[in-house]
Structures are given as structure tokens and as C-alpha cells.
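One structure is given here, and the rest of the page talks about it.
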Protein chains: 2
Amino acid sequence: MCAWHFSGEQRCLNSELWHACAGPLVSLPAVGSRVIYFPQGHSEQVAASTNKEVDSQIPNYPNLPPQLICQLHNVTMHADAETDEVYAQMTLQPLSPEEQKEPFLPIELGAASKQPTNYFCKTLTASDTSTHGGFSVPRRSAEKVFPPLDFSLQPPCQELIAKDLHDNEWKFRHIFRGQPKRHLLTTGWSVFVSAKRLVAGDSVIFIWNDNNQLLLGIRHANRPQTIMPSSVLSSDSMHIGLLAAAAHAAATNSRFTIFYNPRASPSEFIIPLAKYVKSVYHTRVSVGMRFRMLFETEESSVRRYMGTITTISDLDSVRWPNSHWRSVKVGWDESTAGEKQPRVSLWEIEPLTTFPMYPTAFPLRLKRPWASGLPSMHDMFNGVKNDDFSRYSSLMWLGDGDRGAQSLNFQGVGASPWLQPKM
Amino acid sequence: MCAWHFSGEQRCLNSELWHACAGPLVSLPAVGSRVIYFPQGHSEQVAASTNKEVDSQIPNYPNLPPQLICQLHNVTMHADAETDEVYAQMTLQPLSPEEQKEPFLPIELGAASKQPTNYFCKTLTASDTSTHGGFSVPRRSAEKVFPPLDFSLQPPCQELIAKDLHDNEWKFRHIFRGQPKRHLLTTGWSVFVSAKRLVAGDSVIFIWNDNNQLLLGIRHANRPQTIMPSSVLSSDSMHIGLLAAAAHAAATNSRFTIFYNPRASPSEFIIPLAKYVKSVYHTRVSVGMRFRMLFETEESSVRRYMGTITTISDLDSVRWPNSHWRSVKVGWDESTAGEKQPRVSLWEIEPLTTFPMYPTAFPLRLKRPWASGLPSMHDMFNGVKNDDFSRYSSLMWLGDGDRGAQSLNFQGVGASPWLQPKM
DNA sequence: ATGTGGGCAAACAGCCGACAA
DNA sequence: TTGTCGGCTGTTTGCCCACAT
């Protein structure tokens with residue numbers, strides 16, 4: 001299950017800590033569930049990691065569709081041994097049309113949020129990272145996350161032992177002193193700072209988990225140009241490799257393995273099938289529509305930004321025609337949101353549906369959409385002609401049959417037999 | 001010429017220093033010359049860099065021969081920004097059969113040894129790397145490489161400024177003191193040690209070049225398990241990527257780019273065509289034959305080890321049949337040579353020819369072997385049937401025509417029209 | 001409530017020759 | 001010839017509080 005052949009990592013990482021470091025918006029699909037894999041999005045991540053855009057000389061893989069429906073066989077969480085940057089390794093297997101049509105399992109519908117509850121995240125100040133002093137713990141955070149101090153001591157203090165992602169232990173002297181009184185980590189702190197190469201602006205995350213263990217993660221600030229180009233393989237060969245690996249796996253229905261670096265690039269290129277189906281086939285979007293979208297804040301929580309859909313079109317109509325990857329061009333309400341991405345995918349946004357949804361115009365219980373006689377998802381993904389694509393802008397993108405019923409808005413997980421758990 | 005798009009490196013590295021760090025056995029073919037590229041050897045390097053053997057599930061590329069004759073369009077020398085590990089980027093273009101047959105250019109025959117002459121290499125001791133003291137310079141090395149001290153000073157001392165591979169300057173106080181007197185680097189040394197993360201066992205190289213500049217390189221000792229698996233792409237996808245990139249380039253005669261890491265793995269997978277032709281077509285080898293081979297010593301010089309050829313056969317007869325890559329299985333004379341590779345390629349060894357070479361049995365001046373009517377090199381490489389391969393063990397491996405003349409031993413560059421410079 | 005800076009003591013870095021291998 | 005050590009000093013680390021925001 002957590003087999004890992006590389007030298008650096010031998011066992012499973014702590015899942016809570018991994019998710020805390022990955023951030024509140026990152027979730028990993030459940031093992032055994034079906035997911036959609038976007039080679040296009042994977043390509044974006046590789047481009048970001050190698051600091052090199054896709055070369056136009058890279059051959060096309062005409063048999064590789066812009067999205068593959070896969071079963072997720074294995075997920076392992078990892079962290080770079082040098083930088084502690086979190087990433088996940090996933091083993092995927094493209095599914096046959098029959099397997100694609102299977103009803104959803106309960107596991108595929110659960111939205112398991114693995115974010116820990118008892119934790120705090122602090123962005124380090126210049127004083128926190130200087131050799132002159134220790135770490136100033138925000139009062140509420142210390143009271144919430146650290147074990148209570150014995151205030152009969154003068155000054156009150158204790159030793160904290162925290163484990164990082166690699167299961168290394170770090171010891172800190174936790175003391176409550178100064179005028180006014182405050183929580184500080186002194187002895188042991190500077191060793192940690194230099195070992196993790198933390199600078200002002202980076203963040204630390206302390207978690208008190210259910211086993212009464214203290215966990216400690218870090219998040220380096222997004223310093224530009226820290227990504228090293230690999231000297232193993234040229235970026236072109238890497239791009240070709242990811243495409244050829246996916247194409248080969250798709251052609252033979254065999255497994256392939258990818259790395260997902262949630263913080264290296266904002267490219268979530270593997271998403272649960274249920275989430276995809278819901279957003280693509282059961283949500284109406286159109287140009288001019290208003291929507292909300294979640295973003296991560298500095299303090300590792302979330303806030304919503306609002307925007308308007310301006311265009312719905314292919315991101316790359318040459319290489320990836322008829323792809324849902326970042327098919328929605330948007331404008332953001334706040335001018336401070338200037339560096340937000342101008343293109344998003346349907347499943348990332350939350351449309352504000354202000355017009356009626358024909359709640360009773362059609363029967364609520366639908367036929368199973370992938371039953372025989374109807375086009376399979378495989379057909380829908382791969383067999384769409386370009387002129388079909390125009391429907392995109394005002395209607396949903398659908399297979400040729402059963403258009404009326406399928407254009408119904410999605411009414412919630414429990415109400416739809418599409419997402420009914422298999423008994 | 002030295003265009004480089006990555007962020008870390010903007011200009012050409014110092015060639016002398018690069019070669020000194022790469023070691024005396026590493027040479028880069030000349031720009032514009034023809035080379036042989038072995039995907040199999042490239043695959044070995046990727047396997048070593050990812051700590052992962054080639055998976056048997058990786059698809060075969062039946063149209064990719066085990067060696068490609070390419071023109072070398074571009075070579076740039078690089079060093080890892082973190083570790084200073086040297087590597088080269090090369091742009092190759094597979095050649096058409098006609099281009100393969102062209103006579104050799106002068107540039108393709110010159111064996112340019114770029115090793116600097118005025119340099120020294122020292123393996124660091126515990127004292128050299130401790131914070132307690134400086135660097136003890138071996139007396140002969142200091143006298144040979146450093147500018148002479150003014151011995152009228154008490155004590156004699158000067159400031160040395162040395163440039164590393166990234167053109168960073170390092171300043172050292174060079175002093176001659178102690179009882180007995182010795183050369184030491186004091187102020188500035190520990191900054192260098194900690195910046196380069198040197199530990200006892202690593203080496204430093206000082207070069208005094210023809211422009212009266214002091215150059216300074218490092219070589220980390222081969223600490224096992226230092227190689228990080230990349231979290232960008234799975235090792236399987238990397239393998240597929242290198243094969244697919246080579247296959248695509250071969251099919252379209254277009255350029256592709258590789259990285260050559262001479263110190264990451266002993267896999268010299270790009271060699272000059274002239275060297276290949278000489279060793280494969282103009283040197284007799286047979287089972288039982290004795291040979292010498294060069295190896296690098298601790299002090300960055302070379303010594304010869306002797307061995308005996310035990311078998312001549314495919315390294316991987318399934319994936320790479322009829323490949324010359326490591327086709328020679330050998331035994332080494334010295335028992336201390338236990339961890340030397342058991343398989344070598346023909347061009348790596350120097351056979352000790354103890355039997356007569358028919359010096360006069362055939363005319364010395366040969367027909368041009370790739371003239372029309374004879375099999376082209378392309379035919380020879382790709383069209384060989386398996387039963388032809390048996391000749392390997394006692395005779396040279398040849399095309400079907402003109403066997404008598406071609407089985408002549410190679411008589412030296414100047415004597416053979418094969419290697420005659422084009423006028 | 002918490003970031004920064006001065007004061008201070010302890011630890012470390014780093015230069016020296018002595019000595020031994 | 002050169003690796004390591006004890007002695008010695010100057011610098012840095014790091015704990016404490018005061019003060020400002």
C-alpha cells in the first residue's frame with residue numbers, strides 16, 4: 001500500500017501534517033475511486049517545475065484524449081528531503097468504457113476533508129528567524145495547540161517535542177516570560193530554523209493531533225526562481241515522457257505513475273470523477289455568469305473571490321481541442337486580484353445561479369446516462385466534432401443522445417441516481 | 001552558441017574548470033562532429049539518477065535502434081547550482097544514411113584533451129573541514145599552482161581570489177607559517193567550506209590558468225544515496241521520455257537534447273563516431289584476449305587496470321539486441337578491482353594485440369567502405385540478423401559485403417582513407 | 001498582543017605554534 | 001611533510017527584559 005522504493009522515504013508520512021502543509025484547498029482522491037486525469041494540466045506542472053514552456057516541436061499524441069478516466073490504485077504522500085515540499089505519487093489505470101459506466105461507489109462521493117482542526121500556522125517574522133532570539137508564539141495559538149504550562153513554576157516552562165514530515169524529532173523549550181508575558185520557543189528553535197533554511201516570510205505549522213502528538217510542518221514562501229531545472233532529462237523529453245506514458249497507458253489500459261506537486265503550480269490535474277461529472281454535466285454555466293471561487297489565505301485558511309465568466313473556449317485548440325481544462329475565461333471583481341489566473345476549470349468555480357432551474361419541468365429521476373444505447377463517456381470525450389463545441393458557450397457540452405434529460409441541472413448528490421451508491 | 005534559458009545559468013562556464021571537475025577520463029565531442037548516441041546508455045544514467053531500474057512494463061520502441069549516428073550541434077557545460085555537480089547539455093540530430101557516410105572532418109579526428117596542466121586536487125581531511133582551523137595546502141601543490149609569496153614579509157602571506165564554476169569569487173588568506181613552516185589558507189576558507197557543504201573526503205581543485213586566474217572547483221565524494229529522486233516525473237515516465245524523444249528525433253531527423261552527467265554514473269553514452277568506428281570495425285577482439293583500461297585515481301589522475309575478455313554478448317538481448325553497448329564481459333586482474341564494472345564497451349578498452357595483424361596480406365589502402373554497393377552504416381546497425389551476431393565472438397561484427405578488406409586491423413588515423421579528412 | 005533592540009554571558013569560530021606520524 | 005591538538009582571543013549565539021506599536 002505504501003510501498004516506496006526510493007531511498008529517502010521508507011514509510012508513510014503523517015497524513016494530517018501532509019494535508020496541513022499542502023493547504024486547505026488540496027485534497028487527494030480516495031484510493032480505489034475513479035478520477036479524471038488531464039495530461040494538459042500535468043504538462044503545466046512539468047512546465048512550471050522545469051521553468052520551461054512546452055516546445056512546439058514536441059510531437060502530438062493524437063490518440064491521447066485531453067482527459068482520461070482512470071482508477072486511482074495508489075496514493076502515497078511524500079515530502080522532498082531537501083525542502084520539505086509536499087507532493088503525492090499516484091498510480092492510475094485508464095478504464096475501459098464499461099468500467100467508466102459503473103455506478104459510483106460511496107467512496108467516490110465522500111468529500112473527505114483531511115484538514116486538521118487543532119493547529120496553527122504562523123508566518124515567520126525577522127525576529128523569529130534571526131539568531132538573536134527565539135520564536136514568538138501567538139498567545140491564542142499557544143493556548144489552543146500546546147499542552148498547558150504549569151503556572152506554579154517561575155517562569156512556567158516545558159519541553160516540547162515535535163515531529164516533522166520525515167518523522168524527525170525537534171525539541172524546543174517552551175517558556176512563558178517577558179514583560180508583558182508571552183509564549184516563546186527558545187532553546188532548539190534556531191537549530192530548526194537553520195536546518196529547514198527558514199527565512200522571514202516562510203511559515204510554520206504546529207498541529208496537536210488526536211494521539212497527543214505535536215506535529216510540525218513548514219511552508220516556504222513562494223520565492224520566485226527557486227525551482228531548479230533538473231539535470232536528469234531535458235524538459236522536452238520530460239514533456240514527451242508524460243505524454244507518451246499516458247498515451248501508452250491509455251492504449252493498453254495499463255497503470256502509470258505521476259507526481260502531483262500541489263504547491264509547485266496551481267494545476268490540480270487529477271480530480272474525482274464525481275466532481276467532474278457534477279460540474280461538467282450537471283451545472284449550467286454561460287458567458288456573463290457570476291461565480292465564486294475559493295483561494296487560500298496567508299494564514300492557511302480560505303476565502304472566496306468573486307468574478308464573472310467572460311468566455312468559454314479551448315485553452316489550446318491546436319494541441320488539446322475540446323478539453324475542459326481551464327476552458328472558462330474569467331474576470332475578477334477585486335483589482336487586487338490582478339495576478340489571479342485568467343482561466344479556470346468548471347469544477348473550480350461555484351456558479352451563482354440566479355435564474356430558475358426548471359425544478360419540475362422534467363422528471364427528477366433520470367435514466368442512467370451511460371446505459372447501452374447512449375454514447376459512452378469515452379465516445380463523448382473522444383468523438384466530439386469541432387462544431388459540437390459551439391454548444392459549449394450557452395449550453396452544456398453533451399453527447400448527441402438524450403440531450404433534454406441530461407441538460408437538467410444537477411440537483412444534489414442524494415437526489416440523483418447518477419451518483420447513487422452501488423449496493 | 002551558449003544560449004541557456006534556465007534561470008540559474010546565464011553564461012558559459014569555464015571550460016578548464018569544468019573538465020577538471022569532470023575528471024581526466026571525461027571528454028566532450030567537438031561541436032559539429034558526428035557522434036554515436038546510445039539510448040541504452042542514456043537509460044542507464046537516468047536509472048542511476050532516479051535510483052530506479054528500468055521497469056519491464058516500459059514499452060519497446062522497435063524503430064529505435066540501439067545506436068543513433070547524430071550530428072552534435074551544441075554542447076554547453078553546466079554545473080548544478082546547489083551541488084556544483086558538472087553536467088553537459090548536448091543537442092543531437094540523427095543523420096540520414098548519406099550524411100552518415102560522409103568522410104571524416106579534421107575536427108572529428110582530433111582528440112582534444114582539455115585537462116588543465118597547472119592544477120592540484122586535494123581530498124579534504126577532517127582538519128581541513130573542521131571549523132577549528134583552515135586548509136593545509138600541500139607544499140608542492142602550493143609552490144606549483146599559487147603565485148609565489150613575498151618571503152621578505154614576516155610571516156609571508158597574500159590574498160588569493162579564486163573563481164568557481166558559477167563565476168563567484170572566493171577570497172582566501174594564504175599564509176606560510178607554523179613550525180615546521182607550511183602553506184595554509186585561513187581567513188575565508190570556512191565560509192567556502194560551509195557554502196559548498198564540503199565534508200572530509202570531498203575534494204577541491206585549484207587551477208592556475210593561462211590568464212593568470214585562479215580557478216577553484218569541488219568534487220563531492222561518492223556518498224551513496226545522495227541522489228534525490230525527482231518529484232517532477234516518475235522514473236518510468238522519464239525512461240519513456242528519453243526513448244520516445246530519441247525515437248521521434250530518429251524518425252523525423254530532428255534535433256533533441258540530452259543531459260550528460262559524467263560523475264552521476266559511469267555511462268558515457270555519446271561518443272565520437274571516429275572512436276566508435278575505430279574500435280568496432282578496426283580492432284580485433286576475441287574471448288580470452290587481454291586488455292587494459294583507464295580508470296581515474298583518487299588524486300584525479302589516471303591509471304591502467306588489466307583484465308581478460310570472458311564473453312562477448314548482448315547486455316540486454318530482449319530490449320537491445322545487437323547492441324555494442326557494454327557487449328564485452330570481462331574479468332579484472334586485481335582482486336581489489338572487485339567493484340569494477342563487469343561489462344565494458346569496445347571503445348573503452350585497449351586490447352593487447354599479441355598475435356600478428358596481417359600487416360601485408362591485404363593492400364593497405366582500402367576502398368571507401370560506405371561507397372554505393374556496400375551496406376551503409378545504417379544497414380549494418382539496423383539490419384543485422386541474429387545469426388550474424390555469432391561472428392562477434394571470434395571475428396569482428398561486419399556488414400555482409402567486403403568482409404576480407406574490412407577485417408583488416410585499423411592501422412592508424414593517418415594511414416586509413418576511412419578517416420581521411422575531407423578537403 | 002507581539003515585533004524589535006540593548007544588555008549580557010556562554011559558546012563557538014578561528015588563528016597560533018607544538019607535537020607526532 | 002602534514003594531520004590534529006591545546007591555548008588563546010574575538011565574534012556570534014542566544015536568553016533576558018524594556019519599550020514601542
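Lettering of chains follows the sequences in order, A, B, ..., and the numbering in each one begins at 1.
The NE2-C1' distance, from A/His183 to C/dG3, rounds to 17 Å in whole Å. Atom NZ of B/Lys181 and atom P of C/dC19 are 15 Å apart (whole Å). Atom P of nucleotide C/dA13 and atom CZ of B/Phe192 are separated by 19 Å, given to the nearest angstrom. As a whole-Å value, the separation of B/Gln179 CD from D/dT2 P is 15 Å. Rounded to a whole Å, the CG atom of A/Leu185 is 12 Å from the P atom of D/dC16. Rounded to an integer number of Å, the gap from B/Phe120 CZ to D/dT2 P is 11 Å. One interatomic measurement links the two molecules: CG of A/Asp128 to C1' of C/dA1, which rounds to 14 Å at whole-angstrom precision. Rounded to an integer number of Å, the gap from CZ of A/Phe135 to C1' of D/dC15 is 17 Å.
Between A/Ser127 and C/dG3 there is no side-chain N or O to OP1 or OP2 distance below 4.0 Å. Using a 4.0 Å cut-off, no side-chain N or O of B/Ser136 falls inside it from OP1 or OP2 of D/dT2. Within the structure, a side-chain polar atom (N or O) of A/Arg177 is placed less than 4.0 Å from OP1 or OP2 of D/dC16.
Residue B/Thr131 is in base contact, counting any heavy-atom pair closer than 4.0 Å across all strands shown. As judged by a 4.0 angstrom heavy-atom cut-off over every strand, B/Ser130 is placed among residues making no nucleic acid contact. The residue B/Pro138 sits close only to the backbone: its heavy atoms come under 4.0 Å of sugar-phosphate atoms, none of a base. Nucleic acid contact class of B/Arg182 (heavy atoms, under 4.0 Å, all strands): base.
Judged by atom type and distance alone, A/His132 reaches the base of C/dG6 through a side-chain donor-acceptor pair under 3.5 Å. Checked by distance alone, B/Arg173 brings no side-chain donor or acceptor within 3.5 Å of a matching partner on the base of C/dG14.
You'll find that the side chain of B/Ser190 is closest to C/dG14, out of C/dT2, C/dC15, C/dG14. Listed nucleotides C/dC16, C/dA1, C/dA20 differ in distance to B/Pro180; the shortest reach to its side chain belongs to C/dA20. Of the listed nucleotides (D/dA18, C/dG17, D/dC15), D/dC15 has the atom at the smallest distance from the side chain of A/Thr187. In this structure, of D/dA18, D/dT4, D/dC16, it is D/dT4 that holds the atom nearest to the side chain of B/Thr125.
Residue A/Ser203 comes nearest to A/Thr123 through the heavy atom pair OG-OG1, 3.5 Å, listed as atom of the first residue, atom of the second, then distance.
Under 4.0 Å is where a charged nitrogen must lie from a carboxylate oxygen, and between B/Arg219 and B/Glu296 at least one such pair does. A salt bridge does not link A/Glu299 with A/Lys122: none of the charged nitrogens is closer than 4.0 Å to a carboxylate oxygen. At a threshold of 4.0 Å, the pair B/Glu334-B/Lys340 does not count as salt-bridged, since none of the basic side-chain nitrogens sits closer than that to a carboxylate oxygen. Between B/Asp84 and B/Lys196 there is a salt bridge, since a side-chain N of the basic residue sits under 4.0 Å from a carboxylate O of the acidic one.
Aromatic pair B/Phe172/B/Phe135: ring centres not closer than 6.0 Å.
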